[in-house]
Amino acid sequence: MSAQHIAQLFLALEKFPQRIEITEVADLLTDSRRANDRRPATVELAVPDQVVKGLRGSPDRGDLLFLVRVPREVVERAESRIVLPGEL
């Protein structure tokens, strides 16, 4: 992910949160295969047709789609009410 993509994502989350769509990958998962010697690991997702058209079309015309992984310890910190030093 480039610095430009990170800046675009932060701007969208800060200024236009109502226009962002977030879905857990697990909710879209229709098939998955673990890696082996002959092929990489793959996942198959069920997404709306507009998403597929955006991925297959011109890169400058489609929406940006990111796959973002949030580590479990970050999720747990976000759910905690305790503020640790340095988190202000």
Side-chain angles (χ1 to χ4, degrees):
M1 182 179 245
S2 71
Q4 179 183 5
H5 285 138
I6 292 171
Q8 291 165 337
L9 177 59
F10 283 164
L11 175 72
L13 289 169
E14 182 181 342
K15 302 290 185 183
F16 307 100
Q18 70 282 4
R19 299 192 59 198
I20 303 297
E21 296 176 37
I22 298 177
T23 304
E24 287 190 49
V25 171
D27 293 341
L28 305 173
L29 189 66
T30 60
D31 194 17
S32 63
R33 291 173 211 87
R34 301 274 314 267
N36 64 31
D37 295 337
R38 297 174 304 215
R39 62 172 171 72
T42 62
V43 294
E44 185 175 303
L45 307 175
V47 297
D49 195 50
Q50 283 300 112
V51 172
V52 176
K53 287 196 293 190
L55 288 172
R56 294 292 186 186
S58 174
D60 59 338
R61 294 188 55 207
D63 295 336
L64 286 177
L65 272 158
F66 297 107
L67 180 62
V68 177
R69 186 177 76 115
V70 179
R72 174 55 45 196
E73 60 269 14
V74 174
V75 172
E76 290 169 358
R77 285 297 308 131
E79 294 170 350
S80 173
R81 292 178 167 228
I82 298 170
V83 177
L84 297 177
E87 288 186 342
L88 294 177

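Since the model is a prediction, treat every value here as computed from it, not as a measurement.
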Check your understanding: Under a single-linkage definition using a 4.5 Å side-chain heavy-atom cutoff for Ile, Leu, Val, Met, Phe, Trp and Tyr, are Leu67 and Leu29 assigned to the same hydrophobic cluster?
Key -> yes

Check your understanding: Do Val52 and Phe66 share a hydrophobic cluster, counting only Ile, Leu, Val, Met, Phe, Trp and Tyr and linking them when any side-chain heavy atoms are less than 4.5 Å apart?
Key -> no

Exercise for review: Taking side-chain hydrogen bond (donor to acceptor under 3.5 Å, both in side chains) as the test, write out the residues that go with Gln50, two or more places apart.
Suggested key: Lys53

**Study point:** Those residues that, when tested against Val51, pass side-chain contact (heavy atoms from CB on, under 4.5 Å) (two or more places apart)
**Key:** Val47, Pro48, Leu55, Leu65

Check your understanding: With sequence neighbours left out, what residues match Pro71 under side-chain contact (heavy atoms from CB on, under 4.5 Å)?
Key -> Glu73, Val74

Could you give the side-chain donor-acceptor pairs of residues 6-25 under 3.5 Å, partners two or more places apart or in another chain?
none

Review point. Taking only residues two or more places apart in sequence or in another chain, which ones pass salt bridge (charged side-chain N to carboxylate O under 4.0 Å, His left out) with Asp27?
Key: none

Point to revise | Nearest heavy-atom neighbours spanning Ala35 and Ala41 | key: CB-N, 3.4 Å

Review point. Is there any salt bridge (charged side-chain N to carboxylate O under 4.0 Å, His left out) pair reaching into residues 33-45, and which pairs are they, with sequence neighbours excluded?
Key: Asp31-Arg33

